[in-house]
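Read through the structure below, which is laid out as C-alpha cells, and then see the notes.
This structure is a prediction, so every number in the text was calculated from the model and none was measured. First listed ligand is number 1; within each ligand, the first listed atom is number 1.
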Amino acid sequence: MAKEKTYFFCQECGYESAKWLGKCPNCGNWNTFAEELAPQKAKNTKAAHLPSVPAKKLTEIDFSEDNRIDTGIAELNRVLGGGLVHGELVLLAGDPGIGKSTLTLQLVATVKLSQTIMYISGEESVGQIKMRAERLGIDKSELLLLCENDMNVITNEIKRYQPKLIILDSIQTVYLPEITSAPGSVSQLRECTNKVMQWAKGWGIATILVGHVTKDGAVAGPRVLEHMVDAVLFFEGERHYQHRVLRSLKNRFGSTNEIGIFEMAEKGLEEVKNPSEAFLSERPLDTAGTIVVPCMEGSRPLLIEVQALVTPSFFGQPRRMTTGCDFNRVTMLMAVLEKRLGLQLSNQDAYVNIVGGLRVDEPAIDLAIAAAIASSFRERAVYRDVVVLGEIGLTGELRQVNHLQRRLSEAEKMGFAKAIVPAGNLPKNHQLAIEIITAKNISEALSFILEG
Ligand code: TYD
Ligand code: MG
C-alpha cells in the first residue's frame, strides 16, 4: 500500500514544509511543527479562482451601523462592538463547561432577527438541546436544530433553509469527508473553518463558531484559525465561581478591550448590570490588606478589590504569588516600597489577589497594590470609604492615570467618600461630591491611606 502523503506545518503561523523542522524559519518559534496528511487537490482548479462575489465599487456598498443584528444580550452586544454584523464569523472559545453552549442557546432565543436561525451541534443530541432549551425557557419557531458532524450534509441543509444566523457547536467535532484526518485535527479545523468562511462571506450569514481551548488556554488548533475569523471572543472564569467574563481578543468590527460580565444561575446566564456592586459584595471592612480601586475595562469603569497578605518567610527564598495581576509588576512595587519607604519586605512572603476572578493589567492599579501590601505588612486597615488610584514610577512618584473623572464618578456612585489620586491629575471644574486628595509620591499617598 502506498504511504499517504503528509506534510508539516507550523502551528503558530501556518508555515508549511515538506520535512519536520525544529525551529520555524518564518516566525522563529521552536517545536511548533506538526504533521498532517496532505489535503487532496481539488479536481476543478479553474473554478476555485472565480470569485463567488463580484467586485463592487466602494461607494456602492451600503453598510451602516444599523446593519448590525441586536443579539438581545446587552453585554454580548458590547463585546461585539454593537451587535453581530451580517456575514461576520465569530469564534467563541472557552474551557469546557464554562457556558458556551448555554450562551449561544440564549442568544438564539433573544436575538432580534426574524429570519431562520440554525443551531448546529456536533456534540449533543437534539433531545439534550431541547432539554436545555426547556430549562432556559426557550421556544422559538424560527430556530432549526441540526445534530450533524459531516460538513457536506451541514452545507446542504444550510443551502436548503437559508438561515441568516448559524451557531456551530463546536468546530472541533465537525469534519469534511474529503480529508482523511480525524475531526479536531489541524487540517480538518482549517478546512472546515474555510468552508464556514465561505458560507459566512458568500451568503452573508452571521456565524458563531464554538471552539474549545487547550490546557494552556490557547484555542485548540493552530493560530491560523484565529487569523481566519473576524472576531475571537473568549469566555472565561473559574468554573466554581458564578462570574463569567466575555472578552474579545480580536474584533474586526469593534474594539478589543470591552468585556461583558455574566453570572451563571439556575436558569442560564444572567447579565451583571452593576459589576462594581457584584465585585465588592463580599468585601471585608476594616481589615488590613484590602483596598478598592476604580479601574477601566474598555470604556467602562469598574470598582475592584485588591487584597494582599504579607507574612514572615520561613525559607530562604521568600514566596511571591499573584492572581489576576502581573507578577513582575508586583515584584517591582515591592522593591519600590522597600527602597523608598524602608519597608522590610525582603524577608516576607507576599500574596496579591484581584478579587472576583478578574485580570487587570493597567498600571493605574499600582497604588492599590502597594497600599494593600503596606496595609497588610503594617497590620493597619485602610479607611473603608476610600479608593486609590495611580501608577507608581521607580522613584516612587505617582503618575497620572486616564479617564479620572469616569473612574471617580463610579466610586462616588458606589458610595465612596474619598479618593487619593496623583497630584496634577485633578479633573478640571469637575462636579464630583467625592473628596479628592492629591499625592505626589507613594509615601505621601500611603500616609493618607494608612494614617487617615
Ligand atoms: P455548557 O453551556 O454546556 O458549557 P460549554 O458548552 O462551555 O461546555 O454548560 C456549562 C455549565 O453550566 C454546566 O455544567 C451546567 C451549568 N448550567 C447552569 O448552572 N445553569 C443553567 O441554566 C445551565 C443551562 C447550565
Ligand atoms: Mg457545549
Side-chain angles (χ1 to χ4, degrees), residues 71-76 79-80 84 89-111 117-140 143-151 154 165-175 183-184 188-189 192-193 196 207-221 225-226 229 231-249 259-273 278 281 356-357:
T71 62
I73 304 175
E75 296 290 301
L76 181 61
V79 179
L80 287 168
L84 281 164
L89 180 53
V90 178
L91 176 66
L92 173 67
D95 287 323
I98 205 77
K100 301 180 296 297
S101 305
T102 309
L103 180 67
T104 45
L105 201 57
Q106 281 181 255
L107 157 79
V108 295
T110 54
V111 68
I117 302 165
M118 200 174 224
Y119 189 101
I120 306 160
S121 181
E123 300 190 337
E124 293 166 306
S125 68
V126 182
Q128 275 173 309
I129 300 171
K130 172 85 183 161
M131 215 161 74
R132 190 197 305 245
E134 270 172 9
R135 182 171 174 188
L136 299 171
I138 296 170
D139 68 283
K140 191 164 182 162
L143 178 61
L144 288 176
L145 286 184
L146 173 66
C147 291
E148 180 56 59
N149 301 85
D150 184 338
M151 281 297 275
I154 294 174
L165 172 64
I166 295 176
I167 316 285
L168 180 58
D169 187 2
S170 65
I171 187 71
Q172 275 95 358
T173 51
V174 291
Y175 68 95
Q188 282 287 5
L189 282 177
C192 290
T193 310
V196 177
T207 309
I208 299 182
L209 283 181
V210 172
H212 296 291
V213 294
T214 55
K215 268 202 204 93
D216 49 358
V219 181
L225 206 109
E226 292 181 28
V229 299
V232 180
L233 306 188
F234 228 83
F235 206 29
E236 57 190 25
E238 292 289 329
R239 210 187 321 179
H240 303 290
Y241 291 92
Q242 285 162 341
H243 290 126
R244 302 279 185 272
V245 177
L246 186 67
R247 201 180 278 282
S248 95
L249 298 189
I259 62 165
I261 301 170
F262 296 88
E263 202 171 321
M264 184 59 95
E266 255 316 284
K267 287 197 176 263
L269 290 157
E270 284 170 11
E271 297 174 57
V272 177
K273 290 272 167 13
S281 60

Requested in this report: Using the test salt bridge (Lys or Arg N to Asp or Glu O under 4.0 Å), find all partners of E236 that sit at least two apart in sequence or belong to another chain.
Outcome: R247
Query raised in the report: Is the number of heavy atoms from other residues, nucleotides or ligands under 6.0 Å of K130 NZ greater than 12?
Result: no
Report task. Check for a donor-acceptor pair, side chain of K100 on one end and backbone N or O of F235 on the other, with a separation under 3.5 Å. Result -> no
Query raised in the report: Okay, side chain of E148, backbone of I154: is any donor-acceptor separation there less than 3.5 Å?
Result: no
Query - E270: partners by salt bridge (Lys or Arg N to Asp or Glu O under 4.0 Å), with sequence neighbours left out - result: none
Report summary line: Interatomic distance, CG@L76 vs CD@E271, rounded to 0.5 Å, equals 8.5 Å
Report task. Might you list the protein residues in contact with ligand 1, defined as having a heavy atom under 4.0 Å from one of its atoms, sorted by chain and number? Result -> D95, P96, G97, I98, G99, K100, S101, T102, R132, R135, L136, M264, A265, E266, K267, G268
Requested in this report: Assess whether side-chain contact (heavy atoms from CB on, under 4.5 Å) is satisfied between L107 and I208, documenting all intermediate values.
Outcome: CA-CA 10 Å; L107 157 79; I208 299 182; 3.2 Å; yes
Query - Distance-only polar pair, side chains of D169 and Y119, donor-acceptor under 3.5 Å - result: yes
Query raised in the report: So, does Q172 use its side chain to make a donor-acceptor pair with the main chain of H212 at under 3.5 Å?
Result: yes
Query raised in the report: What are the protein N, O or S atoms, given as residue plus atom name, that sit under 2.8 Å from the Mg ion (ligand 2)?
Result: S101 OG
